[in-house]
Structure formats: structure tokens, C-alpha cells
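First the structure, in the form of C-alpha cells, and then the observations on it.
First the proteins, then the strands, lettered A, B, ... as listed; each starts at 1.
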Amino acid sequence: MMRLQKSFYLQSDVVDVAKQLIGKLLVSKIGGTVTKGIISETEAYNGIKDKACHAFNNKRTNRTEVMFHEGGKCYLYLCYGVHTLFNIVVSEKDTPNAVLIRSLIPFEGIVFMKERRGLSVNENKLCSGPGNLSKAMGFHYSQSGLSLLENDIFIEDNGIIIEDQHIEVSKRIGVEYAKEHADLPYRFVLKPYFCDQLKKKYSNGPLSDRIS
DNA sequence: CGGCCGATCCACT
DNA sequence: GTGGATCGGCCGA
């Protein structure tokens, strides 16, 4: 298990990065607890030309500034006054691309996720939805700007390659206001039948047996 | 300042 | 399927 390195985040094609992130592990070590989830849903936000992107038209504010930084940091913000949404900043400095993580398969530290979400939540849905996964993982928008290369929030790579046939591509959620950009195929979802298989790949056997 | 709005979620019908 | 919660960010005056 290796922490994803800088070269991964510096890629220029944020849509492809969103696809590559499917199946990787998102890790948090917050408040003395470790929680991990397998990334199962992402969306790409394609910089200054994308009307759904906060940095559309080169809009630079205190909130969006981190999107203009070099790839490899997290961009967190408060949505609807209630939910923290977790994004990964991608590409070179001054190219404000980002990937929103929308769903995880809970993998490790599930007891802590339950504490954060409430004991009544269905175990399989602890990290379903961008606001919910932030709550389960212990993310807060005050952590925006942290580097994923040297802190306690990061992505683990494990060598597992997810074939395209296991990934559903669709338009992004909740961005109707982006008009002609609302229907772009920038959302990637791991097909449900494959979620269980992938979780088993992570749980069983040596790495050499887990390459799919 | 004041007002509007949002990359959501949940309870309720 | 619908509507209310809830509040920081953003913009215009």
C-alpha cells in the first residue's frame, strides 16, 4: 500500500484522473482514529472553462484559491450551510481542476464512522453521498488546503486496476445551473455488482493475487 | 452591510 | 417527489 505521489495529481486531464481514482483508498487519520474507504463515485470539475466549476471564468476568491494551487491538496467547502464536500485538487499551478469524491465503500474504522454518523445508519451507506462521507471520515471545511502528500488525509494506491466495463459514466449531480455543461459525462460510478468483489479483493490474499 | 444562493440530506407524503 | 434546514461565500449598493 503506497500513498499516491505528486505525479499522479499533476496530470492535466482531470476527467481521466476522476476515473483513475475509482477503486483507490481514501484514508483519514483524524482525532487519533483511522478510517478508510474505497472510492466508488467521483466527479470531475474541469477548470476555468467549466460552468459547474467554482473556478469558472478564472474566479479567484479566498475559498477557491486552493484550486489554483499545484495538484495534490484537498479543497473542502461548506455546501448548503450544512455539508462539507471533499475535493482533490488536480493539475499544475494556475489550472484550477478538481475531483469531487461522492461516495466510498466503508473499509476500515467502521466503528468510528458509525460514531460520527449515528448508530442507526445502515453500515453500507455510511459513506454514500458527498456530505455523508465527509462526516463519516471526520472532514471539516477548515481543513481545506491540506496537502495529501504529507498529512493525515491521503489516497492509497494498491496496484488494483479497475477495468472500464466496471465503471458507469454519467452526467454530474446537482449542476443544472451550468446549462450546456450540465450534461457532460464527468461522473464515474463503480457498478454495484463490482463493489462487493472489490472489497473482497482488498480483504483477501497477497497483493499479487489481487490484481484484476 | 443586506440579500441571495448552493457540487446536499432527510423526513414526510 | 417535495420542501425545509442552515450558514458561509459572494456580489452589489
Side-chain angles (χ1 to χ4, degrees), chain A residues 9 13-22 24 26 28 35 37 39-69 71 73-91 95-106 113-146 148 153 155 167-190:
Chain A
Y9 299 108
D13 186 346
V14 67
V15 178
D16 197 56
V17 170
K19 188 165 88 173
Q20 292 175 47
L21 282 167
I22 296 290
K24 297 197 177 353
L26 177 58
S28 75
T35 43
I39 297 171
S40 55
E41 181 179 350
T42 62
E43 283 177 359
Y45 287 84
N46 194 16
I48 62 174
K49 307 173 301 302
D50 179 1
K51 286 186 178 178
C53 180
H54 290 166
F56 171 66
N57 210 15
N58 228 20
K59 188 166 81 172
R60 245 180 217 269
T61 66
N62 283 339
R63 184 179 68 152
T64 65
E65 186 62 28
V66 65
M67 293 185 74
F68 290 83
H69 291 195
K73 293 182 177 180
C74 59
Y75 167 48
L76 295 121
Y77 70 95
L78 186 66
C79 188
Y80 294 98
V82 185
H83 308 291
T84 292
L85 270 61
F86 177 83
N87 299 257
I88 295 168
V89 177
V90 171
S91 304
T95 303
N97 296 339
V99 175
L100 171 67
I101 308 300
R102 293 189 54 88
S103 195
L104 307 172
I105 304 166
M113 293 179 178
K114 284 180 175 171
E115 278 179 15
R116 290 168 176 151
R117 289 290 322 274
L119 297 175
S120 62
V121 176
N122 180 320
E123 186 161 323
N124 296 317
K125 297 188 175 178
L126 282 169
C127 301
S128 297
N132 289 334
L133 80 85
S134 289
K135 191 170 179 184
M137 296 289 283
F139 298 152
H140 187 266
Y141 59 90
S142 61
Q143 294 159 317
S144 191
L146 281 185
L148 305 174
I153 301 173
I155 314 286
I167 298 174
E168 184 82 25
V169 183
S170 63
K171 67 179 183 178
R172 295 172 291 186
I173 304 296
V175 296
E176 291 312 306
Y177 62 88
K179 299 186 176 175
E180 72 269 25
H181 296 160
D183 293 333
L184 291 170
Y186 285 180
R187 175 171 175 246
F188 300 93
V189 183
L190 193 64

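Between A:Leu126 and A:Pro106 the shortest heavy-atom distance is CB-CG, 4.0 Å. A:Ser144 and A:Val66 get closest at one heavy-atom pair: OG-CG1, 3.9 Å.
Residue-level contact check: A:Leu100 touches the bases, meaning some heavy atom is under 4.0 Å from a base atom.
Under 4.0 angstrom from either OP1 or OP2 of B:dT8 there lies at least one side-chain N or O belonging to A:Arg102. OP1 or OP2 of B:dC10 has at least one side-chain nitrogen or oxygen of A:Arg117 nearer than 4.0 Å. The side chain of A:Tyr77 contributes no N or O atom lying less than 4.0 Å from OP1 or OP2 of B:dG6. Remark: A:Thr61 is not in phosphate contact with C:dG9, judged by side-chain N or O atoms under 4.0 Å from OP1 or OP2. The side chain of A:Asn62 places no N or O atom within less than 4.0 Å of a non-bridging phosphate oxygen (OP1 or OP2) of C:dC10. For the OP1/OP2 pair of C:dC10 and a distance below 4.0 Å, the side-chain nitrogens and oxygens of A:Arg63 include at least one atom meeting the criterion.
Ranking B:dA7, C:dC10, C:dC7 by closeness to the A:Leu78 side chain, first place goes to C:dC7. You'll find that the side chain of A:Val82 is closest to C:dT6, out of C:dC10, B:dA7, C:dT6. When the nucleotides C:dC10, B:dA7, B:dT8 are ranked by their closest atom to the side chain of A:Thr64, C:dC10 comes out on top. Of the candidate nucleotides B:dT8, B:dA7, B:dC10, B:dC10 has the atom nearest to the side chain of A:Asn132.
The separation between A:Phe86 atom CZ and B:dT8 atom P is 16 Å, rounded to whole Å. The distance between atom OH of A:Tyr141 and atom C1' of B:dT8, rounded to the nearest whole Å, is 15 Å.
Along DNA chain C, the nucleotide closest to A:His83 and the one closest to A:Lys59 are compared, and the more 5′ of them pairs with A:His83.
In the model, A:Tyr75 has no side-chain atom that pairs as donor or acceptor with a side-chain atom of A:His69 under 3.5 Å.
A cation-pi arrangement is found for A:Arg63 relative to A:Tyr77, the charged atom lying closer than 6.0 Å to the ring centre and inside a 45° cone about the ring normal.
For C:dG9, the paired nucleotide is B:dC4, the pair qualifying as Watson-Crick or G-U wobble because both relevant distances are below 3.5 Å.
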